[in-house]
Structures are given as C-alpha cells and as structure tokens.
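Just below is one structure, and these are the notes that go with it.
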Amino acid sequence: MSDAIEAGWQRIEGCQHRTLEQLFAADGGRVETLSARLDWGSEEEPGGALFDWSKTHLDDELLSAFESLADAAGFADRRTALLTGGRVNTTENRAAEHTAQRGLGSDAAVEEAAALHQRMHMLVEAIHGGALGEVRHLIHIGIGGSALGPKLAVDALAREGALVEVHVVSNIDGLALEAAFTRCNPAETLIAVASKTFTTVETMTNAASALEWLQHNGVADPYGRVVALTANPDKAVEWGVDETRVLPFPETVGGRYSLWSSIGFPVALALGWQAFDAMLAGARVIDEHFRDTDGRANLPLRAAFADRYYAQVRGCQTRAVFAYDERLALFSGYLQQLEMESNGKRVTAGGTPVRGATAPVTWGGVGTDAQHAVFQLLHQGTVVVPVDFIASVTPGDTLDPAHHRILLKNCFAQGAALMAGQTSDDPARAYPGDRPSATILCDDFDAATLGALIAFHEHRTFANAVLMGINSFDQYGVELGKAIANKIDAGGASFDPATEALLRAADLA
Ligand code: F6P
C-alpha cells in the first residue's frame, strides 16, 4: 500500500465522530448537500430518483478525507480504465466491459455489443412472429449471474403480464426444474440455456433433463427448442444447439454483470425489445454520471465512501437493503452476488492483505414484511447495520391508494426511527438511535429505473473495490468447493473424517 493511501486512511480514522443528531443540528443544509436527483426518463416518460445519503455519518470532513483517499487510490484512472476497455481484471488479464453493452466503452467493444444485440433482437422478433411455432413459456436455465439478473428483471417488470411466461431455474435440486415443468406445456415451451462458460454442472445437468422432458412429452426435435446464451458459443454448438439459436456475449462481460448481454434474452422475450432497450438506456445514464462526475458529487462513489466508512472505520460486518416494493423483492438477492462475489476478497490486486474489512455481508428483504421480522435487531440489537431503503413514489398496484401511502410512510418512519432512537426509563423500551440509513426514492419502477438502479450498484461496487485496492472481477473463492465436489464425484479420494462420515451416511462413499 502506498504511503498516500495509508495517510488517506489515517486522515479518515482521525475525523471527528459526531452523531447524526449533531450533524443535522450543525448543518441546516445537510439534506440538500447529501441528496441528489438523477433523471433517466424521456420527455414523454419522465423518470429518475432521489439519492438521499443525509442520514449517514458522512460530513464535509469525512467526504474531503475520502476524496483524498480516492485520489491516492487512483480512482480517476481506474474508472477510465474500466470504461475504456483497460484490463481491470488483473488476475484474469482482461477488461470488464459490461458498460459497452450499454454503449459506453472502447469502440470495438461497443460495436461488438451492438452487433450481438442486433442478432438477439432478430431472434426475439422471429420468435414473437411465430418462427418457432406457438411459444408461451420459456424455461430459463442458468445459475448465479446467468440467472439472478433475468429473474429479478422479469419479476420486477412483468407483473402486469408478459408476451412469454418465464420460469427461471437455477438449483441443481430437481425440485426446482420439476416445479417449472408442472407450469409449462412442452409443445409451447422454449428452453434457454444460459451459461457464460457452458460448463457449469448445475446448468448442464438441468439442461439435459429439460431436453429429456421435452422428448418424453412428444417434442420430436428437443434441440430445436433450445436457445443458448453464452460466451462459449463453440461449446453450445458442440452440445447440440443450432448456431442460429446461439446468442453469444463477449468473454469480457463478467457473469454477475451479464444481464445487459444475451443473458437478458428472457427480459426481451417476455417484455419486448423496447423494455430491454429501456433498461440499457437507464443504466447508460448512470454510466455517464459515473464517468463525468468527480468527488462526492459522483453518487456511486459517495455511496462507496459511506460503505467503506461503516465497514472499515465502524466495523459493521453487514449492510441491509430493504425495498419497500414487491417489484424489487429479489433485489437484495441480486445485490448479494454483485457485492459479495465481487468484493468478498482478502487481498489487493497486488496480492497483499487489504487494510481492514472488505465487503460486508449484504442482506435484506422487502418492507413492510421485514419490519415484522428482522427490524427488532436493527433498532435495538448490539450491532450497527447500515440500511438502504429503496422505494417508488408511484405505486405498482391499482388498489386503494391507502396501500401505497402506508407502505411509503412506513419506509420513511423506519429511517427516522433508526436515526432518532428514543430514551426510556425502561431499558427494554429504549432505542439507541444514531443508526444510519440511505434512501433511494424512485419516481417509478419501470425498465429504465431498474437498469439505472443496477448500474448504480455496479459502479458503487467498483468504487468500493478501488478504495480497497482489490480486483472485483474475479471469483476464485468459488473454485475450491467445486473442485472438492468433483473429487467426491470421481470417487477414490479420501477426505477429512467428518466429510467421510457424511458421505457414508448419505450412501455416497
Ligand atoms: O461459481 C460462480 C460462478 O462462476 C458465477 O460467477 C457465475 O455467475 C456462475 O458461477 C455461473 O457461471 P456460468 O454462467 O459460466 O454458468
């Protein structure tokens, strides 16, 4: 670590600690200073969100100290490298070009993305036009980044119905695939096999079983019903998918950043190309904000300042995200992979230990459900959990507007209560308060907003990584378990006594 980075951290650690109450009392303009609106709508369809970080402990002193740290960590250069096709994934010696899928990147990557999108668009239109016969269902088979994005997007955006019903299956547990089978008519079902590598055991096993299901249920040419979404098109063709139904994406798009590529096929098929395009456009607005804005005004960077402060200075081991909207019920699950697989590391890109804690555990759920289950700990537990609230001004439902009013009021009440706390003579009824939260208040949850929200979190994750000096684009931590599972499968190897006993108990030895 450079002396400048160490000095940056020491300056941050030396900042005066003031409570939220003191911070609000000292600065009457705090809400304005620490909230900002970003717009991604069009004239016909306005849309955007307010990003309010005023209920965090960031103040001018801390923000200045973090800005110095960002300078010392080379934030501007790292950002340029990310957005221009530099090899930011140092361990795998390649670029991370998900923004090129949204039109921002090196000329070559943007051109390639446009051509691949065009190919995907044509296939989607052909399917909608009946080229593959009646298609009412899509079983999308993938795992991790090849499933979480499409699942979130379809769940969020297809609540009022879809052109094609999508069933995302990820787990190797056969119950997951069987559940999809019971909802689909084989003659009207397409299978999407989504895998960057086209080798992932869960996905390939599920895909083989899906083909068998089609065959046993009277579909004469099951491979004719398969679309492959992959960065390894040769492997897909070798497996049996016709080249015309292989939708490739570049190797430089990471799995957890791949919703914008052909992995987004179910979104386009279920909701139409326009919705997929709107999602890309919303993300692009955040990309441009991230590229063009410096220091604390850069909202993903500002959020990363708060993230680093709570994880590294205040020792918070988790952070929670509560969407006060059913449409984002899967959002915290999506963020878990994005943040924990990207930044759950222990060494810097240079191979030395990171100074302090890296990614906290991301968890969360939906409000108001979570209030009646886990908020007790947030208000009175012994650990401080920084919370993000995400809500929409416009309701997704058509019931009595009382539903949405109560929902939003509860969301805002929770942030206020966490911050204010309450004294009481009865210790069991006392709330310590001074508990931080941030709020993203969207105009509505449409496709552009979902794209913007995801891109905001992608760049926040990257900004966190730059401040820690780590490479967020590899995931070697998942390999060891896979290797041991393969050894068990191959047989003949011996393991620790506890694992051996489990294998014997399950008749797998
Ligand atoms: O095991 C982790 C992982 O590699 C994730 O990073 C990825 O999103 C997931 O598995 C699925 O990989 P693939 O898309 O290659 O099937």
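For the single chain, residues carry numbers from 1 onward in sequence order. Just follow the structure's listing: the first ligand is 1, and inside any ligand the first atom is 1. Please read all numbers here as calculations on a predicted model, not as lab measurements. For the numbers below, each heavy atom of this structure counts, side chains included, while hydrogens, waters and symmetry mates do not.
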Aromatic ring proximity, centroids under 6.0 angstrom, His140 and Phe265 = no

Going by atom types alone, do Tyr309 and Arg314 pair a side-chain donor with an acceptor below 3.5 Å?
-> yes

Can you pull the side-chain hydrogen bond (donor to acceptor under 3.5 Å, both in side chains) pairs that have at least one residue in residues 79-90, sequence neighbours excluded?
-> Arg79-Asp294, Asn89-Thr91, Asn89-Glu92, Asn89-Asn471

Using heavy atoms and a strict 4.0 Å limit, residues surrounding ligand 1 turn out to be Ile143, Gly144, Gly145, Ser146, Ser195, Lys196, Thr197, Thr200, Gln337, Glu341, Gln475, Val478, Lys482

Would the number of heavy atoms belonging to other residues, nucleotides or ligands and lying under 6.0 Å from CZ of Arg136 be above 12?
-> no

Where do Arg102 and Glu458 land on the salt bridge (charged side-chain N to carboxylate O under 4.0 Å, His left out) test, with the steps shown first?
-> CA-CA 13 Å; Arg102 288 122 47 167; Glu458 286 177 350; 2.7 Å; yes

From Arg256 CZ over to Tyr334 OH, what is the distance, rounded to the nearest 0.5 angstrom?
-> 10.0 Å

